[in-house]
Amino acid sequence: MALRSDQGIVLRSFPFGEADKVVILLSPNRGKLRTVAKGVRKTKSRFGGRLEPLTLVDLVLYEGRNLDTITQVSVIEAHPRLRTDLDAVLAAGTMVEFVDLVAQEDEPARRLFLLLRRGLETLEAGPVHPDVVTAFLVKAADAVGLTPSLVACAGCGTPGSFRRFSFAEGGVLCESCRTPGAYLLREGLVEYLAALADADLGNLPDADPSLSGEARGVARRFVEYHLERRLGSMAVADA
Amino acid sequence: MFEPPIQRLVDELARLPGIGRKSAQRLAFHLLNTEEADALRLADAIVEMRRSVRLCSRCFNVTADEECAICRDPRRDPSILCVVERAQDIPVIERTGTFSGRYHVLGGAMNPIAGIGVEELRMRELVGRVETEHVAEVIVATNPTLEGDTTAMYISRLLKPAGVRVTRLASGLPVGGDLDYADEVTLGRALDGRKEL
């Protein structure tokens, strides 16, 4: 059994035994990490506050048989401002939920990690851009191989701007590939999504109130369709 | 394996939190060797507790009556409401002896990651009470975690427009603690919430 160090963003944690917690993190090198933090639920604990969700930490881990035990934690970025803004917390909740669903254990997740870190950094810098979650979902889906086809037909690959969108086919469809279930999206929406997919999360184009809500809905349904899971955090935020 | 009546008790005890096989056996044999009246008193206490305890119709605290003892107490100030996540949190605050208002038990906290939203909490009841009981201040005493903080922000957004004062328990250094042992997040909050001397 050995000690090793790693870095990670805390995704979530849950009580384990009397006073311990299982803490789930995303590490750039090892993907999803499942670790145990002993005694953190006691007030005397030295690192309870450092292992709150959304915190970027440096860790020293003691390798166990199935879960690693955290022996040291230091905070790199706690995102304190983000935690005092309800909209920012809800946006961060969706980012973390998505990452938690797609990340795998023992599989490097460098792009996903950088994207999540950038997302949290952007929310920390505030104010919350209305499209930040939409852009994150499209970009993060791309990072795990679920790229929506927005500038070419998902069926035959013909480049062009099409407005028929199929969740099952994974993008826009041209007239000859069009399937019966494909939706006709609002004028400009596909270009709007494509622009979000290309932009840096911290520097998104100005939001268009007439397209923003629908873009969010399309990104959400796209991700939910392909992951076969509902994003509970978005239901909370949209309630 | 024991005789069936003993085994049944061992199995039931082992389902309790923090009790393993071995402890369950020890407890079962203790109950077997003790005076019969003592063992039956325990059984009776469990039955009575389960049969009589329900939720206070006003604050959702646990009680044996229609309303809990705190809600019925005329000396409690109805204009201050302390919102807690669980009924277990009430005795903890009561022990401080410094709060004289009433409580409201939410039944949990919002979790923006796991998707636990306000529909699962007694939020509508809280709004109703603030209106009908002429509450002037709501003290949010949810846990100082991401979930508790999110819930607090939601309550503040919900009630502030109605002109109610919404406050949050301070977080910071434990009394009798040591500064070099404090984590940076807690210490940062303690600095934010410092008090003029």
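Every chain is numbered from 1, with letters handed out A, B, ... down the list of sequences.
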**Request:** Using a strict 4.0 Å threshold on nitrogen-to-oxygen distance, state whether B/Asp192 and B/Arg194 make a salt bridge.
**Result:** no
**Prompt:** Does A/Asp142 pair with A/Lys139 as a salt bridge, N-O distance under 4.0 Å?
**Reply:** no
**Where B/Thr34 and B/Asp38 come nearest, the two heavy atoms and their spacing** = OG1-OD2, 3.7 Å
**Request:** Just give me the residue among B/Thr186, B/Leu146, B/Val185 that pairs up with chain A most often, heavy atom to heavy atom, under 4.5 Å.
**Result:** B/Leu146
**Asked** Which of the residues A/Leu54, A/Thr55, A/Leu86 is involved in the greatest number of heavy-atom pairs with chain B at under 4.5 angstrom?
**Response** A/Leu86
**Message:** Tell me which of these, A/Thr94, A/Asp87, A/Leu90, has more heavy-atom pairs under 4.5 Å with chain B than the rest.
**Reply:** A/Asp87
**Item:** Short N-O contact, A/Arg83 and B/Asp149, less than 4.0 angstrom
**Value:** yes
**Message:** Under a 4.5 Å cutoff for heavy-atom pairs, which residue among A/Ala92, A/Pro80, A/Gly232 has the most contacts with chain B?
**Reply:** A/Gly232
**Request:** Please flag which part of A/Leu11 lies under 4.5 Å from any non-hydrogen atom of chain B: side chain, backbone, both or neither.
**Result:** backbone
**Message:** Looking only at the side chains, is there a donor atom on one of B/Asp89 and B/Tyr103 sitting less than 3.5 Å from an acceptor on the other?
**Reply:** no
